[in-house]
Amino acid sequence: RPGPLTAGMGSDPCLMVRLPVTLAAGEKQSFSLTLALGDAPEAAREGARRILSGRDGGPASLAPSVQKLALSERDALSAFELLSRLAAAEEEADRPSQNALWPYGISGDLPIAAGTVAGETEEAVLWCRWHQLLTRAGYPFDLVILLEEGGDYRRPLRSEITEELKKLGAESALGAKGGVHLAGPDAAPAVLAWARAVLPLEKREATEEMAPPPPVALAPEPAPWKM
């Protein structure tokens, strides 16, 4: 049953499904539930069937995307760490108005991840791969790379990152809403003030604890949904 998220809980979609099960005395059963990615309901259902049947790849798995983007297992996990920062509830902050982003082609309507590059572009290329993995999986956000090129008219950092985007087949993402934006240091004050995640990601304290979920009141009748 759809409903609004509780204020302050973040932008992660939430789903609770209750399935009625009847067991005879002493009977044991095992059940498998799958969560599949698909552009349409039937694609998601087929993906779920593939998972249950043990078949690899297909719409149910992000593995093909990870492989195409040449991401290691650690890199892919780091992309989902970035996702957790982007999807977290925003804290009240003193920042410039949203239109301060507009001169740089950034609407401010989507979450922003931003990082500064001053030398090698290897790290920035990894950020672009994270961006492609998450956006292709259905989570749009703007990646803003702040380039410190020291007035070099050749703009080598911009050229290298643009070429890498072409290799990823993501040149259309350059400057697009929910895409990759290359900006100069003058954009930093507004962009960093609006960024939900600043790159590179800092390691979270090991002592950080997650708050327990709120209690859920379950009605005794079976769930009304049809599977």
Subject >> Intermediate values then yes/no, salt bridge (Lys or Arg N to Asp or Glu O under 4.0 Å), Arg158 and Glu163 >> reply: CA-CA 9 Å; Arg158 183 180 295 267; Glu163 285 303 312; over 6 Å; no
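Heavy atoms of other residues, nucleotides or ligands lying less than 6.0 angstrom from CZ of Arg45 number more than 12. Within 6.0 Å of CD on Glu120 lie no more than 12 heavy atoms contributed by other residues, nucleotides or ligands.
Although no hydrogens or angles enter the test, the distance criterion places a donor-acceptor pair under 3.5 Å between the side chain of Trp102 and the main chain of Ser107. Between the side chain of Asp142 and the backbone N or O of Gly178, at least one donor-acceptor pair lies under 3.5 Å. Between the side chain of Glu148 and the backbone N or O of Pro185, no donor-acceptor pair lies under 3.5 Å.
The heavy-atom pair separating Arg85 from Glu202 by the smallest distance is NH2-O, 2.8 Å. Here the shortest heavy-atom pairing between Ala24 and Glu27 reads N-OE1, 2.8 Å.
A salt bridge links Asp109 to Lys177: at least one charged side-chain nitrogen sits closer than 4.0 Å to a carboxylate oxygen. Classification of Arg49 and Glu42 as a salt-bridged pair holds, one side-chain N sitting under 4.0 Å from a carboxylate O.
Checked against a 6.0 Å centroid threshold, the rings of Tyr104 and His181 do not count as neighbours.
Taking 4.5 Å as the limit, some side-chain heavy atom of Gln29 sits within range of a side-chain heavy atom of Leu23. In this structure, the side chains of His131 and Leu134 stay at 4.5 Å or more apart for every pair of heavy atoms.
In this structure, Val125 is not a member of the same hydrophobic cluster as Leu201, with clusters built from ILVMFWY side-chain heavy atoms closer than 4.5 Å.
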